[in-house]
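Worksheet: the structure to be examined is printed underneath.
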Amino acid sequence: MAAEPRPRLTRELVAMRVARELAPGSTVNLGVGLPTLVGAFAPPEANILLQSENGILGYGGFSEGDYDQDLINAGGQPVTLNPGASFFDSAASFAMIRGGHIDTAVLGGLQVSERGDLANWSVPERGGGSIGGAMDLAVGARRLIVAMEHTTKDGRPRILQACTYPLTGRGCVDLIVTDLAVIEVGAKGLALREVAPGWTPGEVAALTDAPLTVTGAVPEMAL
Amino acid sequence: MAAEPRPRLTRELVAMRVARELAPGSTVNLGVGLPTLVGAFAPPEANILLQSENGILGYGGFSEGDYDQDLINAGGQPVTLNPGASFFDSAASFAMIRGGHIDTAVLGGLQVSERGDLANWSVPERGGGSIGGAMDLAVGARRLIVAMEHTTKDGRPRILQACTYPLTGRGCVDLIVTDLAVIEVGAKGLALREVAPGWTPGEVAALTDAPLTVTGAVPEMAL
Amino acid sequence: MTATFYDTPDEALEGVGDGASVMVGGFVSASSPTNLIWALKRRGTRNLTAIATNIGFGDRLDDLCEDGQIAKAIASFAVRASSARASRFEEQYRAGEVELELVPQGTLAERIRAGGAGIGGFLTRTGVGTQVAEGKEVLSWQGEEYLLERPLHADVAILKAHRADRLGNLSYRMAGRNFNAVMATAADLVIAEVEEIVETGALPPDAIHTPAVYVDRIVRCDPVEVRWDGR
Amino acid sequence: MTATFYDTPDEALEGVGDGASVMVGGFVSASSPTNLIWALKRRGTRNLTAIATNIGFGDRLDDLCEDGQIAKAIASFAVRASSARASRFEEQYRAGEVELELVPQGTLAERIRAGGAGIGGFLTRTGVGTQVAEGKEVLSWQGEEYLLERPLHADVAILKAHRADRLGNLSYRMAGRNFNAVMATAADLVIAEVEEIVETGALPPDAIHTPAVYVDRIVRCDPVEVRWDGR
């Protein structure tokens, strides 16, 4: 790998950029891993309602105090409740998710295709993998944002013409936010909307294995 | 019509006979009309749990006091609550009914066939009729008892080889309790188990348009 | 989005136009949204498809038939087996002026739940071998026949709850959940009349039956007494 | 029938035999029936099919793998994408010693609900175009493809609730409803461990999440602390 022009964004900066996508008052489900960090960057006045697939609407930040094993998010982390929070069972929770009542879901990704296919649950060469609620969120959320690293640890693109890993959902991704770029998935393929500070559209395209449409000047991500 | 040997049972006596079929601690759904009366004849120590399809488990007698329009049974009648009662929505209520969690349902009937088909929601010559929860109870209850008059007002049999009215359910009836007899529906057809006081099996059979099997002496209903 | 609050039921119905499909919560007298029904009447919205478990059984939904506002009903109780005592809806039904899709009550509740839960259909034994099966696909499971029933979704749902908080969470009283809690999930626009509005946080998380995510508009109204004599 | 009360979790499992299918409530640490799981371990019941949203993710269900009691799991979280840190179940899965049916979590919840509600199958978009679709019928609704998923029912369900009353009604704490409340409806024998038993009538009718009709056996146990570090 050639030396890169600038550092890539940290996980926190990716989460911060994703947080700017959340409309005030909207209902949001955050997947495990990087997406979990997004909650902390949504301003309190935005009144985001966080949904957790284990049966909570309106949870807050991570719990710092006494551990309560009955009050956890879908990643198993202890959380707090915001005023107006409610509890329900798993069937009701997934009825909410699959019925199109979640405005935005943020999921991690292993691969995304130019048609918006998502693969995020299994790496065949390692075997195994678990589906959890990812396939339900992929089809159910009104808008799906994938937050991930632009390339694998050894530098291979994760944004591809077609996914090679087992799919989570077909044509489900609306927006990809990586440590290098913001890319929108549309009917005509992928549109490069923003690049990380110090990166050019050409440099990002070179690390992407699917055509990226560029319209006019591509701004740097505002963070 | 020839003069009948004895009076037929009153609606209250039919309800009283049905009440004897309810196992202690069992969950029971009572249809509108005559079946509603059954509740009053179940001894309190039997701890029958009455389910109402509008979302109550554990309602009690009719409410005599202040009218509360939010506390009614499926027939729209104000009721009381027993200790341990619970509320739920209509989808949960019919999940309970259709999932086989109601031990016994008692429904009114217009016609029952020798195969246990039930017709109880529409009289074609009058037009109209409403289904309500009857079709759900017919397939969902573990045991279905039909409580009805043995014949129509003009003396025609209601127990037939085949129903002529639109069906509520196919092969769903387990026991028929009328103002003349108790009849069990089995794989081999109808078995006459009891007759009303003063009536003979032959007299009941003459008012029934399906074969009745008789095994040994048929006792009079104990009331 | 958090719910919007209105001063009157008439205003809460803003934008509900002719030809709308409207789910109407409640069961006979229990938590029937009578204020919103009467507002629909005052506004004169016409050509409505009403989805409700009952019409003309003590409820005031039947009042919309006075001026012929209902074109079609999808219901489980709508027409009596005898015409001795008929609601306005029944008279219009018997005269061929309104359309009726009669649905078993459990199938109605489950179709609405499916509409709210992204379920494209479900298999039920209810109605097998009856008129209800006409025109429906029959599939089998473990040797038994089941009907394939399809989801119901509506343009608007009008509901009656007991309390709402400022976020839009709802709680119902007694047997008031009935079809209200199910319909809250299955319409593009969900409007609730409530007896009381409390501050967010005042409803315990376990006392919320309809989470705020489902509710668009709320109006506080004194409840209307409804009685049905059972006939 | 009203519930029967037992003194110990081991006694509460009386009659649960080898080869049983067992639904296990809880979600990671939240209201997982650890006392009943450990009783299954002590009793040495073998060849079990475990139906649970997670196995080996902080839960103690994985403990049953120590002595090879689980033959098959139906779960949504069971195997990590890397073998760097594996549960006992995962080791046995990678060694081909146990069978796994991996199910999307929402489909798992809905299949269990269907099993409890007399639904013979339902259509969902979850899994269309993925490995999950293999061998399943595809039906359409309004131009979209849906998978036909089938109900799940078990011989036994073991649950953890917060409180029970003497009739058998259950209420859960916080996010403890999760799979517990759904599984309560879908097994022939439903056994709950609870932290507290109260007199009938002490649970308000609106605070009962699992009505008594679903519950067969109850045992009071101190809850076991479970923690998952998220890996």
Side-chain angles (χ1 to χ4, degrees), chain A residues 32-33 36 52-56 59 67-79 81 85 87-100 110 117-124 126-140 165-172, chain D residues 27-32 53-54 57-58 75-84 86 90 93-94 100 102-110 112-114 116 124-132 145 162 172-183 209 223-230:
Chain A
V32 294
T36 301
S52 188
E53 54 261 46
N54 55 322
I56 315 178
Y59 71 90
Y67 173 64
D68 186 331
Q69 64 187 6
D70 288 337
L71 187 53
I72 57 170
N73 67 13
Q77 297 159 307
V79 292
L81 289 184
F87 297 119
F88 29 87
D89 67 41
S90 298
S93 183
F94 282 95
M96 192 181 280
I97 290 169
R98 292 149 63 120
L110 295 168
D117 296 348
L118 170 66
N120 82 345
W121 68 274
S122 175
V123 181
R126 293 195 202 155
S130 278
I131 297 170
M135 287 191 183
D136 305 296
L137 286 159
V139 302
Y165 290 173
L167 290 191
T168 304
R170 231 171 33 186
C172 54
Chain D
F27 181 95
V28 187
S29 66
S31 289
S32 184
T53 189
N54 50 273
F57 286 71
S76 70
F77 293 102
V79 179
R80 288 161 180 78
S82 137
S83 57
E90 288 181 63
Y93 173 73
R94 288 176 188 271
L100 171 64
L102 191 62
V103 182
Q105 194 177 175
T107 295
L108 183 65
E110 191 71 18
I112 296 167
R113 179 187 180 274
T124 179
R125 290 192 299 129
T126 296
V128 169
T130 75
Q131 285 183 5
V132 164
E145 291 183 349
H162 183 223
Y172 305 91
R173 221 184 132 257
M174 300 283 191
R177 274 183 245 182
N178 56 56
F179 276 83
N180 286 300
V182 192
M183 290 173 172
H209 303 121
V224 177
E225 189 175 297
V226 176
R227 258 178 204 266
W228 184 45
D229 64 5

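By convention in this document, chain letters (A, B, ...) are assigned in the order of the sequence lines, proteins followed by strands, and residues within each chain are numbered from 1. Just the heavy atoms: all of them, side chains too, but no hydrogens, waters or symmetry mates, feed the values below. Because the structure is predicted, anything quoted here is derived from the model rather than measured.
For D:Ser32, no part lies under 4.5 angstrom from a heavy atom of chain A. At a 4.5 Å heavy-atom cutoff, the contact between D:Glu225 and chain A is made by backbone and side-chain atoms alike. Of the atoms belonging to A:Ser52, not a single heavy atom falls under 4.5 Å from chain D. When heavy atoms are compared at a cutoff of 4.5 Å, D:Arg227 approaches chain A by way of both its backbone and its side chain. Contacts between A:Asn120 and chain D at a heavy-atom distance below 4.5 Å are absent for every atom of the residue. Residue D:Tyr172 does not touch chain A at all, counting heavy-atom pairs closer than 4.5 Å. Residue contact with chain D, scored on non-hydrogen atoms closer than 4.5 Å, involves the side chain of A:Asp68 exclusively.
Considering only heavy-atom pairs separated by less than 4.5 Å from chain A, the leading option among D:Glu110, D:Arg80, D:Arg173, D:Gln131 is D:Arg173. Between chain A and the options D:Ala109, D:Ala30, D:Pro223, heavy-atom pairs under 4.5 Å are most frequent for D:Ala30. Contact count against chain D (heavy-atom pairs under 4.5 Å) is highest for A:Gly127 among A:Ala95, A:Gly55, A:Gly127, A:Ser122. Among A:Glu53, A:Met135, A:Arg170, the residue making the largest number of heavy-atom pairs under 4.5 Å with chain D is A:Met135.
In terms of heavy atoms, D:Trp228 sits closest to A:Tyr67 at N-OH, 4.5 Å. Listed here is the closest heavy atom pair of D:Gly106 and A:Arg98: C-NH1, 2.9 Å. Contact detail for A:Ile72 and D:Phe27: the closest heavy-atom pair is CD1-O, 3.6 Å. Closest non-hydrogen pair, A:Asp136 versus D:Thr107, comes out as OD1-N, 3.7 Å. Nearest heavy atom pair, residue D:Ala78 against residue A:Ser130, reads N-OG, 2.8 Å. Taking both residues in full, the closest heavy atoms of A:Asp89 and D:Asn178 are given as CB-O, 3.4 Å, listed atom of the first, atom of the second, then distance.
Separating the CG atom in A:Asn54 from the CZ atom in D:Arg177 is a distance of 12.0 Å, to the nearest 0.5 Å. Separation of atoms OG1 (D:Thr130) and CG (A:Leu167) is listed at 7.5 Å; rounding is to 0.5 Å.
More than 12 heavy-atom neighbours from other residues, nucleotides or ligands sit within 6.0 angstrom of OH on A:Tyr165.
Using a 3.5 Å distance cut-off with no hydrogens or angles, the side chains of D:Arg113 and A:Ser90 do not pair a donor with an acceptor.
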Quiz item: Given the rule in the side chain to side chain contact (heavy atoms under 4.5 Å, CB included) test, do A:Val139 and D:Val128 qualify, once you have shown the distances and angles that lead to the verdict?
Solution: CA-CA 9 Å; A:Val139 302; D:Val128 169; over 6 Å; no
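Within the 4.5 Å cutoff, the side chain of D:Met174 has no heavy atoms near those of the A:Ile56 side chain.
Side chain of A:Asp70 to main chain of D:Ser31: a donor-acceptor pair is present (N/O by atom type, distance under 3.5 Å, no hydrogens or angles).
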